[in-house]
Amino acid sequence: MVFAEIPYKARIELKDKQVTVRGSKLLLDKVAALKAQYGNDPHKWPQQRVGSGEDILINEFIMKANFEFKFCYNHEELCHCRNVPTEKVFTSIKNECFKVEDVSRTTLAGTGCGSCKKDITDLIEQFKKS
Ligand code: FES
(Lines give C-alpha, C1' and ligand atoms only; values in the text may rest on other atoms or scores of the structure.)
Protein backbone atom coordinates (compact mmCIF):
# COMPACT_ATOMS: atom_id res chain seq x y z
CA MET A 1 0.00 0.00 0.00
CA VAL A 2 1.19 3.49 -0.85
CA PHE A 3 -0.36 6.60 0.62
CA ALA A 4 0.14 10.30 1.11
CA GLU A 5 -1.86 12.32 3.57
CA ILE A 6 -2.43 15.57 5.32
CA PRO A 7 -3.53 14.33 8.74
CA TYR A 8 -7.22 14.93 9.47
CA LYS A 9 -7.67 16.64 6.10
CA ALA A 10 -6.85 14.54 3.04
CA ARG A 11 -5.51 11.16 1.95
CA ILE A 12 -4.65 9.45 -1.34
CA GLU A 13 -4.09 5.72 -1.20
CA LEU A 14 -3.08 2.97 -3.62
CA LYS A 15 -4.21 -0.45 -2.49
CA ASP A 16 -4.94 -3.53 -4.59
CA LYS A 17 -4.28 -1.46 -7.74
CA GLN A 18 -7.07 0.95 -6.82
CA VAL A 19 -6.55 4.61 -6.00
CA THR A 20 -8.89 6.03 -3.38
CA VAL A 21 -8.97 9.62 -2.24
CA ARG A 22 -10.63 11.71 0.41
CA GLY A 23 -10.31 15.40 1.05
CA SER A 24 -11.36 18.65 -0.54
CA LYS A 25 -13.40 18.89 -3.74
CA LEU A 26 -10.31 20.35 -5.42
CA LEU A 27 -8.29 17.24 -4.50
CA LEU A 28 -11.08 14.87 -5.59
CA ASP A 29 -11.38 16.70 -8.93
CA LYS A 30 -7.62 16.70 -9.56
CA VAL A 31 -7.26 12.98 -8.80
CA ALA A 32 -10.35 12.16 -10.90
CA ALA A 33 -8.83 14.08 -13.82
CA LEU A 34 -5.52 12.21 -13.47
CA LYS A 35 -7.31 8.85 -13.33
CA ALA A 36 -9.41 9.75 -16.39
CA GLN A 37 -6.39 10.84 -18.41
CA TYR A 38 -3.68 8.44 -17.23
CA GLY A 39 -5.52 5.55 -15.63
CA ASN A 40 -5.47 4.10 -12.14
CA ASP A 41 -1.70 3.60 -12.08
CA PRO A 42 0.02 6.56 -10.35
CA HIS A 43 3.35 5.51 -11.90
CA LYS A 44 2.02 7.05 -15.12
CA TRP A 45 0.80 10.28 -13.56
CA PRO A 46 2.85 13.41 -14.24
CA GLN A 47 4.10 15.61 -11.41
CA GLN A 48 1.76 18.53 -10.82
CA ARG A 49 2.72 22.16 -11.07
CA VAL A 50 2.37 23.33 -7.49
CA GLY A 51 -0.24 25.93 -6.73
CA SER A 52 -1.86 24.39 -3.69
CA GLY A 53 -1.36 21.91 -0.88
CA GLU A 54 -3.38 19.40 -2.91
CA ASP A 55 -0.73 19.54 -5.65
CA ILE A 56 2.03 18.84 -3.12
CA LEU A 57 0.04 15.91 -1.75
CA ILE A 58 -0.48 14.46 -5.24
CA ASN A 59 3.24 14.88 -6.03
CA GLU A 60 4.15 13.17 -2.75
CA PHE A 61 1.84 10.28 -3.69
CA ILE A 62 3.34 9.96 -7.18
CA MET A 63 6.90 10.07 -5.79
CA LYS A 64 6.07 7.43 -3.16
CA ALA A 65 4.49 5.19 -5.80
CA ASN A 66 7.72 5.49 -7.80
CA PHE A 67 9.95 5.03 -4.71
CA GLU A 68 11.36 8.53 -5.32
CA PHE A 69 10.08 10.32 -2.24
CA LYS A 70 12.85 11.82 -0.13
CA PHE A 71 13.19 15.05 1.81
CA CYS A 72 16.08 17.34 0.91
CA TYR A 73 16.64 17.51 4.69
CA ASN A 74 17.25 13.93 5.77
CA HIS A 75 17.09 14.01 9.55
CA GLU A 76 14.01 13.01 11.50
CA GLU A 77 14.06 16.21 13.57
CA LEU A 78 14.38 19.49 11.68
CA CYS A 79 14.27 22.01 14.53
CA HIS A 80 16.34 20.94 17.50
CA CYS A 81 15.51 23.93 19.70
CA ARG A 82 11.78 23.17 19.57
CA ASN A 83 12.05 19.42 18.83
CA VAL A 84 10.00 19.70 15.64
CA PRO A 85 10.10 16.65 13.35
CA THR A 86 10.75 17.14 9.63
CA GLU A 87 7.44 15.40 8.90
CA LYS A 88 5.57 18.03 10.94
CA VAL A 89 7.21 20.83 8.94
CA PHE A 90 6.26 19.03 5.71
CA THR A 91 2.65 18.69 6.90
CA SER A 92 2.63 22.42 7.54
CA ILE A 93 3.86 23.02 3.98
CA LYS A 94 1.12 20.73 2.63
CA ASN A 95 -1.31 22.91 4.59
CA GLU A 96 -0.06 25.75 2.38
CA CYS A 97 2.43 27.39 4.73
CA PHE A 98 4.71 28.48 1.91
CA LYS A 99 6.76 30.98 3.96
CA VAL A 100 9.14 30.28 6.86
CA GLU A 101 7.10 32.59 9.10
CA ASP A 102 3.95 30.57 8.40
CA VAL A 103 5.72 27.29 9.17
CA SER A 104 7.13 28.80 12.38
CA ARG A 105 3.70 30.04 13.47
CA THR A 106 2.10 26.62 13.00
CA THR A 107 4.94 24.36 14.21
CA LEU A 108 7.27 26.57 16.32
CA ALA A 109 10.16 25.39 14.11
CA GLY A 110 12.63 28.23 13.68
CA THR A 111 11.52 30.14 16.77
CA GLY A 112 14.60 29.35 18.87
CA CYS A 113 18.14 30.02 17.64
CA GLY A 114 16.91 30.32 14.05
CA SER A 115 19.60 28.09 12.57
CA CYS A 116 17.01 25.77 11.03
CA LYS A 117 15.30 28.49 8.99
CA LYS A 118 17.48 27.68 5.97
CA ASP A 119 16.40 24.03 6.18
CA ILE A 120 12.74 25.08 6.38
CA THR A 121 13.25 27.30 3.32
CA ASP A 122 14.92 24.43 1.45
CA LEU A 123 12.03 22.10 2.27
CA ILE A 124 9.47 24.68 1.08
CA GLU A 125 11.41 25.19 -2.15
CA GLN A 126 11.80 21.44 -2.71
CA PHE A 127 8.06 20.93 -2.83
CA LYS A 128 6.91 24.22 -4.29
CA LYS A 129 9.01 23.84 -7.42
CA SER A 130 8.32 20.16 -8.08
S1 FES B 1 17.18 24.62 15.53
FE2 FES B 1 15.28 25.49 14.98
S3 FES B 1 15.24 27.36 16.06
FE4 FES B 1 17.10 26.46 16.69
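Start at 1 and go down the list; that is how both ligands and their atoms are numbered. All values reported here derive from a predicted model rather than from experimental measurement.
Residue C81 does not count as close to atom 2 (Fe) of ligand 1, with no N, O or S atom under 2.8 Å. Taking 2.8 Å as the criterion, C79 counts as a coordinating residue of atom 2 (Fe) of ligand 1, since one of its N, O or S atoms falls below it.
Below 4.0 Å from some heavy atom of G112 lie the following atoms of ligand 1, by number and element: 3 (S). Remark: ligand 1 atoms within the under-4.0 Å shell around heavy atoms of S115 are 1 (S). Contact atoms of ligand 1 toward C116: 1 (S), 2 (Fe), 3 (S) (distance under 4.0 Å to a heavy atom of the residue).
Comment: K99 does not engage E101 in a salt bridge, judged by the lack of any side-chain N to carboxylate O separation of less than 4.0 angstrom. Contact check on K94 versus E60 returns a salt bridge, with a Lys/Arg side-chain nitrogen under 4.0 Å from an Asp/Glu carboxylate oxygen.
A donor atom on one side chain and an acceptor atom on the other are not found under 3.5 Å apart for N40 and K17. In the model, S104 has no side-chain atom that pairs as donor or acceptor with a side-chain atom of T111 under 3.5 Å. Between the side chains of E54 and S24, at least one donor N or O sits under 3.5 Å from an acceptor N or O.
Heavy-atom separations between A109 and ligand 1 are all 4.0 Å or longer.
Taking atom 1 (S) of ligand 1 as the reference point, the nearest protein heavy-atom neighbour is H80 N, 3.4 Å.
Geometric assessment of K44 against the ring of Y38 yields a negative cation-pi assignment under the 6.0 Å and 45° thresholds.
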